[in-house]
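Everything below concerns the one structure shown next.
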Amino acid sequence: MSMYGRDPWGGPLEICHDSATDDDRSRNLDLDRAALSRTLDETQQSWLLAGPGDQGRKKKRYVDLGCLLVSRKLFLWSLGLLLAAAALAGIAAGIAKAVPRHQAPPAPLDQFTLALRKALMFFNAQKSGKLPKHNNVPWRGDSCLKDGRSDQTSRRDLSGGYYDGGSAVKFNFASAFSMTLLSWSVIEYNAKYEAAGELGHVRDTIKWGADYLLKTFNSTARSIDRLVAQVGGAAMSEGPSQPNDHYCWMRPEDIDYPRPVTECHTCPDLGAEMAAALAAASIVFRDNRAYSHKLLHGATTVWDFARKGGSRQTYSVPRSDAAKFYNSTAYWDEYIWGGSWMYLATGNSSYLQFATDTKLAKNAHIYSRPPNYGVFSWDNKLPGAQVLLSRLRLFLSPGYPYEEMLRTYHNQTSIIMCSYLPNFRSFNRTKGGLIQLNHGQPQPLQYVVNAAFPASLFSDYLEAADTPGWYCGPHFYSIEVLRSFARTQMEYILGKNPLKMSYVVGHGKHYPKRVHHRGASIPKKKGVHPGCKGGWTWRDTKKPNPHIIVGAMVAGPDRHDGFKDVRRNRNYTEPTLAGNAGLVAALVALSGEGHGVDKNTMFSAVPPMFPSPPPPPAPWKP
């Protein structure tokens, strides 16, 4: 008979008759004692402690997380819940993206930024030569591709560049000044152009003009003996069977007559202005080393031409076309202006020594008060040069031997800024508030924008130099007063005037419709090419122009705030390249939120300055 029980080691135990000997029992007992004396692990202990009913249960499994022992079932449940939550979150995010949102509209652009975008379009409408694919002026096309080649004296490719105003003449003196002004504005307000989305546009505009200027002389040579001053004829009356760009009223695309080229051999004013334009552009394109070097080499060549000794006279000789439209009264101001830009582009101190020479300043009438004193324009560069050199003093403080002359330029700039304020009555104002910088003469707006730009610029210089304002005699004025002057003048131009007229075409609801401009006033019809006199019908009609020349700033109102929207009267309705360059510069200075200039890019080529000590005093003599 036998009994079966549970063996605590996991097997069946049968109790039966024991037939082992005493020696066998003794050996088995020793083995059992050895087994009981051994340390058991947790699993073995659980087997020993298991009750009679635990034999059929499943063993618990655990997951070792390093610092924690977790039940495998709990771990899997937790992991599953996390994955499910992540999946639900992804589905919710996808649904949220698919559902259209009602976001708050972006803040509207200020009026100066809106006008800036339009003002740059004017330069697209003025391009000559083979146009780029994305010129964005549908009524313009390739024009005057034979410029220079058809002239017996020139025989070079002079296509490209910009037409000056309402005709197809290319005046290099005004064009070079326009490119200098645009480059100056980009160097100072690069971030503002970028914020307005127009940085690429304005750089392309400058490059188009600079590339043409390089064509007007042998820019690869080290020395030259001539410059192209003008392409096209601007005689006001009909010549003997020779049509010209002022007598004829034609679209530039339809011009089929030969266009003369005017050269000059002793023209320091034109040479210095072209050097300034190319030098300033070389700073703008500093990120393109090869192109910047090309511009700078051209600037050096044309500057040496401007400084060439011998007989010197202005480029606009008496009875010439240039003398009628862009007469240059002197070349000393261009010397200071060009020398300043050459120094900033090269860092060569010889240019700064030249620009701060006291004799040169005296010849430029810095110590006198001519009628156009303080009026910055294509003819008078002195106010702009003084602002530029004041920047140098405010930010770099070159010290001796430049300090004395730089302080003089700085003081003169302060006086000019004072003259813009209504308290000082240096210039009259219309009842509507427009400053009369050209003393009541026609076409006032180009001078107004060329005052608003340096006024804004000088106020930003003072702010960047931690200077709250400046003195006009014993009275102190804050920089906000100067900004207010610039702002109110530009607001007048954009429509805040007695006529509620925006003098920038395409800006606002009420602007000139009969702009003095050949290309905009003649319809573009395939296969139709009106001859020299064929466009007179469109010149004389009272109907609005068939094409809107967006961004063109017209000549402006008279001294009584009156304006005549008449196509034939260019003193009211003709836009110009130099006027629009000043417009763009003034608008970008006032655009956007906040103020501030780029202090460093202008001085990227200027080496560190260690001012020399002044010479010791003369020995004392009893």
Side-chain angles (χ1 to χ4, degrees), residues 125-129 139-154 158-159 161-175 228-263 315-327 442-443 514-525 528-543 545-547 549 552 554-555 564-579:
Q126 295 301 102
K127 285 181 179 178
S128 175
W139 46 272
R140 282 300 324 278
D142 299 343
S143 61
C144 298
L145 299 178
K146 296 181 180 179
D147 276 356
R149 292 192 181 98
S150 59
D151 186 82
Q152 296 300 319
T153 59
S154 175
L158 292 175
S159 62
Y162 292 101
Y163 300 125
D164 176 68
S167 70
V169 183
K170 295 188 285 193
F171 291 107
N172 289 356
F173 191 57
S175 177
V228 172
Q230 175 185 326
V231 176
M236 297 299 290
S237 59
E238 183 179 9
S241 70
Q242 290 186 355
N244 63 69
D245 295 298
H246 263 263
Y247 177 75
C248 299
W249 195 270
M250 302 173 65
R251 297 176 67 247
E253 293 79 1
D254 296 335
I255 290 177
D256 54 1
Y257 50 81
R259 285 157 52 85
V261 175
T262 305
E263 293 183 341
Y315 90 104
S316 53
V317 296
R319 294 183 299 278
S320 66
D321 290 341
K324 298 174 185 175
F325 297 97
Y326 290 102
N327 185 47
Q443 306 176 23
R514 300 163 187 84
V515 180
H516 181 94
H517 192 275
R518 286 158 175 76
S521 63
I522 302 175
K524 179 183 178 180
K525 293 183 179 180
V528 178
H529 305 285
C532 176
K533 299 179 183 180
W536 286 5
T537 302
W538 298 101
R539 180 194 65 185
D540 300 335
T541 183
K542 294 182 179 180
K543 295 180 180 180
N545 288 353
H547 307 298
I549 181 166
V554 296
K564 297 178 181 179
D565 191 4
V566 178
R567 190 177 297 106
R568 292 201 65 170
N569 194 332
R570 57 187 297 268
N571 287 332
Y572 286 104
T573 58
E574 184 176 22
T576 63
L577 208 64

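Heavy atoms only: backbone and side chains are in, while hydrogens, waters and symmetry mates are out.
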Minimum heavy-atom distance Val566-Thr573, with the two atoms named: O-OG1, 2.9 Å
side-chain contact (heavy atoms from CB on, under 4.5 Å) involving Lys542 - partner list, sequence neighbours excluded: none
Rounded distance [0.5 Å steps], NZ in Lys146 versus CD1 in Ile255: 13.0 Å
Stepwise side-chain contact (heavy atoms from CB on, under 4.5 Å) test for Val169 and Asp321: CA-CA 10 Å; Val169 183; Asp321 290 341; over 6 Å; no
Sub-6.0 Å ring centroid separation between Tyr326 and Phe171: yes
Tyr572 side, atom OH; Lys564 side, atom NZ - distance, nearest 0.5 Å: 4.5 Å
side-chain contact (heavy atoms from CB on, under 4.5 Å) partner of Val231, chosen from Leu158, Asn172, Thr262: Leu158
Pairing residues for Asp256 by the salt bridge (charged side-chain N to carboxylate O under 4.0 Å, His left out) criterion, not counting sequence neighbours: none
Parallel, tilted or perpendicular: rings of Trp536 and Tyr247 (30°, 60°): perpendicular
Residues that Glu253 engages under salt bridge (charged side-chain N to carboxylate O under 4.0 Å, His left out), provided they are two or more places apart: Arg140, Arg251
Residues which pass side-chain hydrogen bond (donor to acceptor under 3.5 Å, both in side chains) with Lys127, listed by chain and number, not counting sequence neighbours: none
Heavy-atom closest contact (Trp538 atom, Arg567 atom, distance): O-NH1, 2.9 Å
CG on Asp565 to CG on Asn545, rounded to 0.5 Å: 8.5 Å
Which atom of Pro530 lies closest to which atom of Asp254, heavy atoms considered: CD-OD2, 3.8 Å
Results of salt bridge (charged side-chain N to carboxylate O under 4.0 Å, His left out) for Asp147 - residues two or more places apart only: Lys170, Arg259
Asp164 CG to Glu574 CD distance, which is reported to the nearest 0.5 Å: 7.0 Å
Distance in Å, Ser143 OG paired with Met250 CE, rounded so as to fall on 0.5 Å steps: 11.5 Å
Test side-chain hydrogen bond (donor to acceptor under 3.5 Å, both in side chains) applied to Tyr257 and Asp245, step by step: CA-CA 9 Å; Tyr257 50 81; Asp245 295 298; 2.6 Å; yes
Within-4.5 Å side-chain heavy-atom neighbours: Ser521 and Trp249: yes
Partners meeting salt bridge (charged side-chain N to carboxylate O under 4.0 Å, His left out) with Arg539 (sequence neighbours left out): none
Non-hydrogen side-chain atoms of Arg570 and Gln443 separated by less than 4.5 Å: yes
Beyond-backbone contact of Cys144 with Tyr163, side-chain heavy atoms, under 4.5 angstrom: yes
